Amino acid sequence: MIVLASDHAGYDLKEKIKKYLTNKKLEYVDLGTESNKSVDYPIYANKMADYMANNDCKGILICGTGIGMSIAINRHKHIRGALCHNKKTAILSRQHNNANVLILAGRNKKTVLTYKKIIDAFLTTNFEGGRHQKRVDMLSE
Ligand code: RB5
């Protein structure tokens, strides 16, 4: 299961991602927003954090730059959110950081062109554990 959320600046990319996940037969839950009408990104980051506290899933969270969502979602101890602009960083965010939320920049043209590769990498790459486990554990101390 994948949980999605965005603000207005991430709405168009979120809609594209929903179609992509549907084509891949991957289930998702959409926590909003529902249009391009201006909203406040912390509300949607907090909704995702609340959802993930009770459900075993990965998240994809989008705002214009990805920065506001990164700041907001990473205030929650059970979240490891990674702002990724390419496939390589998406892979490393899983292998080294065990990231559970992929954050995307909906107003970044390169991201919009390559979101499928970034998402595929994020969803299919496993955490390496080993030396990275101790570091990840330290994040929730
Ligand atoms: C909205 O205009 C924009 O500020 C927001 O999407 C995000 O990029 C904030 O970090």
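This one's a predicted model, so the numbers in the text were calculated from it and none came from an experiment. Note that ligands are numbered from 1 as they come in the structure, with each ligand's atoms numbered from 1 the same way.
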Taking non-hydrogen atoms only, is [X] closer than 4.0 angstrom to ligand 1 via side chain, backbone, both or neither?
X     : result
Thr65 : both
Met69 : neither
Cys63 : both

Main chain of [Y], side chain of [X]: is a donor-acceptor contact present, judged purely on distance under 3.5 Å?
X     : Y      : value
Asn98 : Phe127 : no
Asp7  : Gly32  : no
Lys87 : Tyr115 : no

Would [X] count as being in polar contact with ligand 1, using the rule that some N or O on each side must be under 3.5 angstrom apart?
X     : value
Tyr41 : no
Gly64 : yes
Ile67 : no

**Message:** My understanding is that we take every heavy atom of each candidate and find the minimum distance to atom 6 (O) of ligand 1. Doing that for Asp7, Val39, Ile62, Asp40, which one comes out nearest?
**Reply:**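 The nearest heavy atom belongs to Asp7.
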**Which residues share a side chain to side chain contact (heavy atoms under 4.5 Å, CB included) with Lys24, sequence neighbours left out** =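 If we apply the side chain to side chain contact (heavy atoms under 4.5 Å, CB included) test to Lys24, skipping adjacent residues, the hits are Tyr20, Leu26, Asp120.
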**Message:** The criterion is side chain to side chain contact (heavy atoms under 4.5 Å, CB included); which residues satisfy it with Asp50, sequence neighbours excluded?
**Reply:** none
Per-atom contacts of ligand 1 with [X], taking only distances under 4.0 Å to non-hydrogen atoms:
X      : answer
Ala9   : 6 (O)
Arg107 : 1 (C), 2 (O)
His8   : 1 (C), 2 (O)

**Request:** Note the single closest protein heavy atom to atom 10 (O) of ligand 1, along with its residue, its atom name and the distance in Å.
**Result:** Gly68 N, 2.8 Å
**Nearest heavy-atom neighbours spanning Asn100 and Met52** =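 Looking at all heavy atoms of both residues, the shortest contact is O-CE, 3.5 Å.
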**Message:** Using side-chain heavy atoms (C-beta onward) and a distance below 4.5 Å, is Phe122 in contact with Ser93?
**Reply:**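 Yes, at least one pair of side-chain atoms sits under 4.5 Å.
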**Message:** Under 4.0 Å from atom 4 (O) of ligand 1, is there at least one protein heavy atom?
**Reply:**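 It does not: no protein heavy atom is found less than 4.0 Å away from atom 4 (O) of ligand 1.
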**Message:** Quick check on Asn23: does its CG atom have over 12 non-hydrogen neighbours (other residues, nucleotides or ligands) under 6.0 Å away?
**Reply:**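 Yes, because the 6.0 Å sphere around CG of Asn23 holds more than 12 heavy atoms from other groups.
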